[in-house]
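Residue numbers start from 1 in every chain, and the chains themselves are labelled A, B, ... in the order their sequence lines are given, proteins ahead of strands.
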Amino acid sequence: MTAPESTSAPAHFIRTRIAREFEAGLHQRVVTRFPPEPNGYLHIGHAKSIVLNFAMPDEFGGYTNLRFDDTNPVREEQRFIDSIKEDVKWLGYRWENECYASDYFETLYGYALSLIDNGLAYVDEQDAETIRAQRGTLTEPGTDSPCRNRPSAESRRLFEGMRAGEFPDGAMVLRARIDMAAPNINLRDPVLYRIRREHHHRTGDDWCIYPSYDFAHGQSDAIEHITHSLCTLEFEDHRPLYDWLIEHLPVPSRPVQIEFARLNMDFTVMSKRRLTRLVDEGHVHGWDDPRMPTIAGLRRRGFTPESIRSFCTEIGVTKSESIIPFGVLERNLRDDLNARAHRRMAVLRPLKVVLSNFPEGETEWIEAANHPQDPEQGSRRLPLTREIYIERDDFMEDAPKKFFRLKPDGEVRLRNAFIIRCQEVIKDDEGTVVELRCTFDPETRSGQPGSNRKVKGTIHWVSAAHAIRAEVRLYDRLFNVPHPAGDRDADFLEHLNPESLEVLRDARLEPGLAPAKVGSYFQFERLGYFVPDVDTAPESPVFNRAVTLRDTWARLEKELAGR
RNA sequence: UGGGGGAUCGUCUAGUGGUAGGACUACGGACUCUGACUCCGUCAGCGGGGGUUCGAAUCCCUCUCCCCCAGCCA
């Protein structure tokens with residue numbers, strides 16, 4: 001089961017390969033799995049994997065399992081399981097089976113025994129350091145452990161003893177008996193089981209031995225009859241081990257592992273270790289901080305599942321590593337929301353404007369479309385009064401010729417309403433503009449015959465008397481360098497952008513925005529896409545800016561400033 | 001100086017012997033009661049060198065650069 005809309009499916013090497021396999025009659029269906037370790041929150045990189053893993057069965061027939069790779073109890077927690085399930089669902093996907101590697105511990109244990117009985121695994125009583133030393137180096141072969149040739153019956157007794165809790169943590173491990181001289185280090189008798197007295201979030205204290213990733217993953221795939229085990233590039237040189245185990249174990253199916261490049265994005269970090277540090281050291285306000293690249297963070301920021309899915313489809317699937325500009329994700333959000341977000345007016349940094357020829361105490365109701373290109377999305381009525389607020393940025397006393405907004409003696413249209421002319425600029429003692437006196441032209445009301453008079457600029461506004469106050473949070477990139485994790489000379493935290501969050505506490509919104517609920521989204525015209533934050537409350541609304549509108553003026557302005 | 005991968009417009013990505021294509025960005029223009037959207041147009045690429053071939057991004061040789069692997073993490 002997958003998300004409703006089927007995004008266009010460009011050919012990529014995995015899709016092409018599966019299609020060929022189908023043509024050759026190798027499969028009747030595709031079964032994949034999304035296998036997170038429950039030791040952190042899902043991020044946009046996981047989304048790429050999720051979209052891929054659900055898309056293949058969706059296209060070819062089959063299904064996807066959600067499998068928690070919970071073989072290391074020291075790092076895993078139930079709360080992460082909960083968040084992962086929530087995030088996958090929110091992205092729009094429904095898994096066929098909810099699986100846990102820990103459900104297979106007994107089966108896996110049996111597989112280990114069979115390996116031992118066949119002389120393909122042995123218990124090694126050396127400590128970790130010795131084993132490491134014997135592994136050799138990238139250029140030198142390893143040396144055999146003295147335990148390597150012990151009788152399999154002895155290994156079996158020891159391994160059974162390991163399970164029975166007869167030995168302390170770290171006293172011994174189970175190792176595959178492959179080849180200590182293999183050029184691929186993963187084949188130099190890799191560790192299959194270790195003793196670890198640690199409470200497991202699902203199996204409790206039933207086990208004191210836990211399988212390693214290599215021993216658990218492929219066999220779990222086989223148990224679930226996964227046809228294609230899709231993973232990232234760093235597991236590429238584990239594939240010979242993956243295949244070796246499948247080949248030598250009495251598993252019920254023979255999955256194949258296919259690797260693809262993980263997602264990297266600029267101006268952020270993606271590794272769980274670094275994300276965990278950001279959270280634990282308080283650089284952000286939790287895993288769902290809107291500046292985080294986590295699914296929870298993006299959701300809170302205002303990203304839609306559709307935008308994340310289309311992004312993941314757009315970037316493609318290859319084996320070459322790449323870094324996707326964050327702006328690509330943002331554009332997918334804009335494209336999605338542009339089509340369906342209702343337009344609203346909100347003033348982030350208010351500047352009072354008095355319409356001197358507007359009758360005092362009167363309210364004029366203005367009809368405003370919810371969407372400029374789609375009348376079916378309806379309209380709402382806006383109050384216009386003598387005192388309004390406009391955006392501070394929309395007025396300039398010494399404006400450059402290309403500035404199309406309000407300036408002394410200049411004209412501008414109030415969006416959905418009248419053309420106004422700036423007659424007077426009022427400043428405080430320090431010279432700061434605090435108020436504008438303008439006149440409005442009653443003939444130019446939107447929709448009236450006289451409204452076709454053209455002025456160069458249109459600005460948004462709210463009625464001072466009706467507007468609701470709100471807190472608005474503006475987000476910028478979390479880091480101020482494109483590759484914060486790529487600096488060998490500095491900790492990535494040194495590249496944190498101190499201005500990644502800007503809180504505006506005096507924004508004014510059109511009154512209809514008051515009851516907006518979390519999960520709704522709007523375009524604040526001329527500003528960007530905004531959503532109510534989870535902190536929002538009826539009497540104290542809080543909005544997040546998910547993304548700005550594309551802003552050609554900002555670029556022009558920067559250019560003008562540059563010369 | 002082991003093994004495994006990867007190099008195609010600025011970015012991402014198609015293209016396994018027959019005119020290197022798309023998307024994004026950028027730039028220019030049209031439109032505009034959002035400097036948004038939309039539309040039109042332009043710029044721009046096969047890591048280097050050799051070879052095979054009528055013809056090479058694609059096949060061969062060679063060089064260079066980048067990533068991953070020496071956890072009882074995944």
Just how far, in rounded Å, is P of B/C72 from OH of A/Y213? 16 Å

What integer number of Å spans the P atoms of B/A44 and B/U11? 16 Å

Which of these nucleotides, B/G5, B/A26, B/U34, is closest to any side-chain atom of A/L233? B/G5

Have a look at A/V328 and say if it touches a base, only the backbone sugar-phosphate, or nothing, with a 4.0 Å heavy-atom cut-off. nothing

With respect to the side chain of A/E37, which nucleotide from B/G71, B/C73, B/U34 is positioned closest? B/C73

Respond yes when some side-chain nitrogen or oxygen of A/R194 is under 4.0 Å from OP1 or OP2 of B/G71, and no when none is. no

Scanning all shown strands, the Watson-Crick or wobble mate of B/A7 with both distances under 3.5 Å is B/U64

Any donor-acceptor pair under 3.5 Å joining the side chain of A/D237 to the base of B/G3? yes

Using the C1' atom as the point on both nucleotides, what is the distance between B/G10 and B/C27, in whole Å? 13 Å

List the protein contact pattern of nucleotides 37-43 of chain B with one symbol per nucleotide (5' to 3'): B for base contact, S for sugar-phosphate-only contact, - for none; contact means a heavy-atom distance under 4.0 Å. B------

Nearest-neighbour nucleotide for the A/I315 side chain, B/C12, B/A36, B/G5 considered: B/C12

Looking only at B/C12, B/U34, B/G71, the nucleotide nearest the A/T458 side chain is B/U34

Measuring to OP1 and OP2 of B/A74, would you say a side-chain N or O of A/R273 lies under 4.0 angstrom away? no

Taking only the side-chain heavy atoms of A/R75 (C-beta and beyond), determine which of B/A74, B/G3, B/A70 contains the nearest atom. B/A74

RNA chain B: A/R331 or A/I459, which has the more 5' nearest nucleotide? A/R331

Counting only side-chain heavy atoms from C-beta out, which of B/C12, B/A14, B/G6 sits nearest to A/K319? B/G6

Scan A/I323 against the nucleic acid and name what it touches under 4.0 Å (heavy atoms): base, sugar-phosphate only, or nothing. sugar-phosphate

Looking across every strand, which nucleic acid part, if any, lies under 4.0 Å from A/Y193 by heavy atom: base, sugar-phosphate, or nothing? nothing

What integer number of Å spans the C1' atoms of B/C37 and B/U32? 9 Å

Complementary nucleotide of B/U38, counting Watson-Crick and G-U pairs under 3.5 Å: B/A30

Selected nucleotide, minimal atom distance to A/H238 side chain, candidates B/A74, B/A70, B/A26: B/A74

Under 6.0 Å between ring centres: does that hold for A/Y242 and A/H238? no

What donor-acceptor contacts under 3.5 angstrom involve side-chain atoms of residues 319-328 of chain A, with partners at least two apart or in another chain?
| from | atom 1 | to | atom 2 | distance (Å) |
| --- | --- | --- | --- | --- |
| A/K319 | NZ | A/E236 | OE2 | 2.4 |
| A/S320 | OG | A/T318 | OG1 | 3.3 |

B/C59 and B/G18: how far apart are their C1' atoms, nearest whole angstrom? 15 Å

Using a cut-off of strictly less than 4.0 Å, decide whether A/S320 has a side-chain nitrogen or oxygen near OP1 or OP2 of B/C67. no

